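Quick caveat: nothing in here was measured; it's all calculated off a predicted structure. We count residues from 1, following the sequence as given.
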Amino acid sequence: MDRFEGRCWLDWWANSSTVLGSVEVHVVIAAADNVTWAAHGCLVSDNDEDRDGFAFLCDLDPLFMLRLEDGSTVDVIVHPVDGHRKFTLSEYTGTFE
């Protein structure tokens with residue numbers, strides 16, 4: 001995969017069995033080199049309540065699970081910008097960057 005663009009969900013898990021929040025997002029993921037990737041996106045909803053909930057979860061802990069339409073997932077760190085309406089993503093490797 002050189003590039004993916006589409007709708008996904010950022011899920012925030014309280015523990016291994018409880019999703020506390022989920023937000024629909026539009027993301028662009030592109031290969032940066034043979035090993036790494038770069039990703040950015042935005043919330044699909046313009047609703048202030050959705051943005052505020054997303055902001056709360058990001059401030060609590062920026063670790064989310066990115067879930068694609070096919071059900072595949074990857075753990076990511078969300079780096080919000082533009083008042084939590086847009087963001088960049090980095091892969092979670094066990095440490096916060």
- Task: Quick one: list whatever passes side-chain hydrogen bond (donor to acceptor under 3.5 Å, both in side chains) with Thr73, sequence neighbours left out.
- Result: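 In terms of side-chain hydrogen bond (donor to acceptor under 3.5 Å, both in side chains), with neighbours along the sequence ignored, Thr73 is linked to no residue.
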- Message: Would you say CD of Glu49 has more than 12 non-hydrogen atoms from neighbouring residues, nucleotides or ligands within 6.0 angstrom?
- Response: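 Counting neighbours around CD of Glu49, 12 or fewer heavy atoms of other residues, nucleotides or ligands fall under 6.0 Å, so no.
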- Partner residues of Asp11 under the salt bridge (Lys or Arg N to Asp or Glu O under 4.0 Å) criterion, sequence neighbours left out: Arg67
- Message: Using the side chain to side chain donor-acceptor pair (under 3.5 Å) definition, which of the options Arg7, Glu5, Lys86 pairs with His26?
- Response: Glu5
- Message: According to salt bridge (Lys or Arg N to Asp or Glu O under 4.0 Å), who are the partners of Glu69, at least two apart in sequence or on a separate chain?
- Response: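 In terms of salt bridge (Lys or Arg N to Asp or Glu O under 4.0 Å), with neighbours along the sequence ignored, Glu69 is linked to no residue.
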- Trp12 side chain to Leu60 backbone, donor-acceptor under 3.5 Å: no
- Ser16: side-chain contact (heavy atoms from CB on, under 4.5 Å) partners, not counting sequence neighbours: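 Not a single residue meets the side-chain contact (heavy atoms from CB on, under 4.5 Å) criterion with Ser16.
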- Item | Residues forming a salt bridge (Lys or Arg N to Asp or Glu O under 4.0 Å) with Asp48, sequence neighbours excluded |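 Asp48 satisfies salt bridge (Lys or Arg N to Asp or Glu O under 4.0 Å) with Arg51, Arg85 only.
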- Message: Tell me whether Asp46 at atom CG has more than 12 heavy atoms from other residues, nucleotides or ligands lying less than 6.0 Å away.
- Response: no
- Message: For Asp59, give me all partners under side-chain contact (heavy atoms from CB on, under 4.5 Å), at least two apart in sequence or on another chain.
- Response: His84
- Message: If we check side chain to side chain contact (heavy atoms under 4.5 Å, CB included) with His40, which of these qualifies: Val28, Leu89, Ile29?
- Response: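 Answer to the side chain to side chain contact (heavy atoms under 4.5 Å, CB included) test with His40 among Val28, Leu89, Ile29: Val28.
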- Taking the six-membered ring for Trp, are Phe54 and Phe64 parallel (under 30°), tilted (30 to 60°) or perpendicular (over 60°)?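 Tilted.
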- Task: Check the pair Trp13, Met65 against side-chain contact (heavy atoms from CB on, under 4.5 Å), reporting the backbone distance first and the verdict last.
- Result: CA-CA 8 Å; Trp13 289 79; Met65 182 178 289; 3.8 Å; yes
